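Note that ligands are numbered from 1 as they come in the structure, with each ligand's atoms numbered from 1 the same way. What you see below is based on every heavy atom in this structure, not just the backbone, and it leaves out hydrogens, waters and symmetry mates. Keep in mind the model is a prediction, meaning the values are calculated, not measured.
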Amino acid sequence: MKTVLVYFLLMLPAVAQAASPVPSDPKATKEAVKLYQNMLLLQKKGLMFGHQDDLAYGKGWIYEEGRSDVRDVCGDYPAVCGWELGHLELGDAYSLDSVHFDRIKGWIKTTYERGGINTISWHLRNPLTGGTAWDVSSKEVVASILPGGPKHALYVQYLDKVAAFMLSLKTDKGTYIPVFFRPFHEHTGSWFWWGKNLCTPEQYKALWRFSVHYLRDTKNIHHLLYAYSTGNIPDGTEYLERYPGDDLIDLVGFDHYGEGTGYAAALKNAVTIVTTVAKEKGKIAAVTEAGGKIAQNPDWWTTTLLETLRPFELSYVLVWRNPAQKPQEAFAPYKGHPSSARFVEFYNDPKTLFLKDIQQMNLSR
Ligand code: BMA
């Protein structure tokens, strides 16, 4: 009896450890592990709201300390802030959306210090043609940047710039700030050079594998969690067709735009697939981008988005940017926008989580 008891007690830490989920990177920093675990916890508690470039600009304003269109409308910041690295690879000081990278670093730190979550996308230029991320004139781009390809060295230079940026994300105490990195998104469509008709599933997966291992093993970066994010998904098989592997990915999501009558049903179908995959794999689930022309459908926040997502365990839904000079392209509401009242209803609903909600949870980090 006694031996059995001692054995049981000795095994306890192992049992406890096995019960705590860990991210895909075996060397993930303590803070990245915490972020991963907190996200899994949060997706059981509610649905976080995210907004791209939220602190950088909004309708009619750029770089105003403390300002946010979302906060102007509901009095609170989003729980998740999205940021974009496109043109960092060129060595530029600001992104393709004209946001200075030094400022982005500052806002990532501010968001982390406030208790929020950061996710980073990368619409990187086409390394083969020199065109934009949307230049799909060649099907050789992914092949050309893989090891042995003619543009591999150039792609490594791109990654070096990303690595330097990621390594600059630190708190005042010098701790690396954990963030989600979501490159090569919407690859189930064919509008980016890494898209479905532009490379084979093997090449797409190899691109992920090389990139993540380069950042982890060569650059020693272990504060990133990686997000796999398709475009619209018609069925479950296609969702995983280009999935690069559980050892590389921490979050499974998808981007889905629209506001027409079919949107809610399509969103529900996609969320069903993603939450099922997430559960099976023990990963985080999210709607990594969603949106509609809100100006034409003010009920989008409540009837379409919230009621469709309510039954699911999803960590967040993020809407895209509010360009300062093009309010017709805004995805989040802004002060005076006709959908603002509905957005406040969305904000007040117990299902949704904004920054103050997660601050109140006092999660250990
Ligand atoms: C797109 C648009 C572009 C932008 C790009 C990267 O969907 O918003 O204007 O440059 O995302 O953020």
Side-chain angles (χ1 to χ4, degrees), residues 49-63 68-70 78 80-105 107-108 111 118-127 129-136 141 158 161-162 165-166 179-196 198 227 229-233 253-259 263 267 270 286-296 300 305 316-334 337:
F49 178 74
H51 184 211
Q52 182 74 3
D53 281 348
D54 185 75
L55 305 175
Y57 54 83
K59 195 226 163 202
W61 62 272
I62 299 174
Y63 295 175
S68 142
D69 275 355
V70 169
V80 178
C81 288
W83 307 105
E84 166 61 31
L85 292 190
H87 288 192
L88 179 80
E89 69 281 1
L90 303 179
D92 287 2
Y94 53 86
S95 75
L96 77 165
D97 299 322
S98 306
V99 189
H100 287 81
F101 294 116
D102 280 345
R103 298 236 184 201
I104 295 179
K105 286 176 198 173
W107 290 313
I108 287 176
T111 299
N118 293 288
T119 173
I120 298 177
S121 54
W122 189 24
H123 290 74
L124 68 162
R125 302 280 294 206
N126 183 320
T129 65
T132 69
W134 291 267
D135 178 354
V136 290
V141 191
Y158 283 10
K161 300 218 172 63
V162 169
F165 180 91
M166 297 301 188
V179 296
F180 284 91
F181 188 34
R182 188 175 69 95
F184 316 126
H185 64 305
E186 297 180 9
H187 59 281
T188 47
S190 297
W191 45 86
F192 295 128
W193 56 255
W194 56 85
K196 189 179 175 185
L198 288 307
S229 152
T230 64
N232 293 3
I233 34 177
F254 64 92
D255 295 359
H256 200 138
Y257 284 90
E259 57 161 347
Y263 184 75
L267 184 67
V287 184
T288 40
E289 289 181 38
K293 287 179 198 139
I294 50 171
Q296 291 166 32
W300 193 84
L305 193 64
Y316 72 83
V317 56
L318 180 140
V319 300
W320 210 240
R321 60 204 201 95
N322 283 12
Q325 309 305 345
K326 293 187 220 155
Q328 70 281 9
E329 285 178 25
F331 284 99
Y334 45 81
H337 188 277

**Message:** Under 4.0 Å between a side-chain nitrogen and a carboxylate oxygen: does that hold for Asp92 and Arg125?
**Reply:** no
**Item:** Worked verdict on His123 versus His87 for ring-ring contact (aromatic ring centres under 6.0 Å, His included)
**Value:** CA-CA 8 Å; His123 290 74; His87 288 192; over 10 Å; no
**Request:** Mind checking side-chain contact (heavy atoms from CB on, under 4.5 Å) for Phe165 and listing every partner two or more places apart, or none if nothing turns up?
**Result:** Leu85, Leu88, Phe101, Ile104, Lys105, Ile108, Ile120, Leu169
**Asked** What orientation do Trp194 and Phe192 show, parallel under 30°, tilted 30 to 60°, or perpendicular over 60°?
**Response** parallel
**Message:** Is the ring pair Trp122/Tyr158 parallel, tilted or perpendicular, if the boundaries are 30 and 60 degrees?
**Reply:** perpendicular
**Message:** Would you say the ring centers of Phe331 and His51 fall short of 6.0 Å from each other?
**Reply:** no
Within the protein, flag every N or O under 3.5 Å from an N or O of ligand 1, and note the pair and distance.
unit_1: ligand 1; atom_1: 7 (O); unit_2: Trp320; atom_2: NE1; d: 3.4
unit_1: ligand 1; atom_1: 8 (O); unit_2: Trp320; atom_2: NE1; d: 3.1
unit_1: ligand 1; atom_1: 8 (O); unit_2: Arg321; atom_2: NE; d: 3.0
unit_1: ligand 1; atom_1: 9 (O); unit_2: Arg321; atom_2: NH2; d: 2.8
unit_1: ligand 1; atom_1: 10 (O); unit_2: Asp97; atom_2: OD1; d: 2.5
unit_1: ligand 1; atom_1: 11 (O); unit_2: Trp320; atom_2: NE1; d: 3.1
unit_1: ligand 1; atom_1: 12 (O); unit_2: Asp97; atom_2: OD2; d: 2.6

